[in-house]
Amino acid sequence: QVQLVESGGGLVQAGGSLRLSCAASGDTICISAMGWYRQAPGKERELVAAITSGGSTNYADSVKGRFTISRDNAKNTLYLQMISLKPEDTAVYYCNADGRYYSGTYVTNFRSWGQGTQVTVSS
């Protein structure tokens, strides 16, 4: 099992910055990739940014150039640095971990979620 706990959300003004953190615990060695998702009221949960175990990153077009995903493997912590925040960034942000367990040649995949942290950007 992998447990994820987000922190760092809050209320900021448009143009401001915020850094989200996600602390991972449990079977972290089994994680293949981690990411940040967000969900606004009435909308589907969407991928914001992702990072693989090899360090490759991917961003939603709406946040490219403004958000940066990073990780500290020693601390088992994922970060999302957000700058130039816009009101449309307002959402609950969720940390995600995808991984797999190996048993011989058989693989069991899993996906873990944090509880979410609210980010509100005022005009």
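When the side chains of ILVMFWY residues are joined at heavy-atom separations under 4.5 Å, either directly or via intervening members, Trp113 and Val92 end up in a single hydrophobic cluster. Side-chain heavy atoms closer than 4.5 Å link hydrophobic residues (I, L, V, M, F, W, Y) into clusters, and following such links, even through other members, never connects Ile51 to Tyr79.
Residues Leu11 and Val119 fail the side-chain proximity criterion, which asks for heavy atoms closer than 4.5 Å. Ser70 places none of its side-chain heavy atoms less than 4.5 Å from the side chain of Gln81. You'll find the side chain of Leu20 reaches within 4.5 Å of the side chain of Met82, heavy atoms only.
Without hydrogens or angle criteria, Arg111 side chain to Asp98 main chain gives no donor-acceptor distance under 3.5 Å. One N or O on the side chain of Ser112 and one on the backbone of Val2 form a donor-acceptor pair closer than 3.5 Å. Between the side chain of Tyr59 and the backbone N or O of Ile69, at least one donor-acceptor pair lies under 3.5 Å. When atom types are taken as modelled, the side chain of Thr90 and the backbone of Pro87 share a donor-acceptor pair closer than 3.5 angstrom. Remark: the backbone N or O of Gln115 is paired with a side-chain donor or acceptor of Glu6 at under 3.5 angstrom.
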Practice problem: Dump the intermediate steps for side-chain hydrogen bond (donor to acceptor under 3.5 Å, both in side chains) on Ser32 and Arg100, then the final yes or no. | Solution: CA-CA 7 Å; Ser32 300; Arg100 53 182 61 92; 2.8 Å; yes

Exercise. I would like to know whether Met34 and Cys22 meet side chain to side chain contact (heavy atoms under 4.5 Å, CB included); could you show each step before the answer?
Key: CA-CA 10 Å; Met34 298 187 73; Cys22 172; 4.2 Å; yes

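A 6.0 Å sphere centred on CD of Gln13 holds no more than 12 heavy atoms belonging to other residues, nucleotides or ligands.
To the nearest 0.5 angstrom, Arg19 atom CZ is 14.0 Å from Ile83 atom CD1. The CG atom of Asn109 sits 11.0 Å away from atom SG of Cys30, with the distance rounded to the nearest 0.5 Å. Annotation: the span from Asn96 atom CG to Leu78 atom CG amounts to 9.0 Å, rounded to 0.5 Å. Taking OG from Ser21 and CG from Leu4, the interatomic distance works out to 12.5 Å, rounded to the nearest 0.5 Å.
Under 3.5 Å, the side chains of Thr77 and Arg71 contain no donor-acceptor pair of N or O atoms. Inspection of the Tyr101 and Asp27 side chains reveals an N or O donor paired with an N or O acceptor under 3.5 Å.
Note on ring orientation: taking the six-membered ring where Trp is involved, the planes of Tyr93 and Phe67 are tilted (angle from 30° to 60°).
Arg38 forms no cation-pi arrangement with Tyr94, by the criterion of a distance under 6.0 Å to the ring centre and an angle within 45° of the ring axis.
Under a 4.0 Å N-O distance rule, the pair Lys86/Asp89 does not qualify as a salt bridge.
Leu47 and Ala49 get closest at one heavy-atom pair: CD1-O, 3.5 Å.
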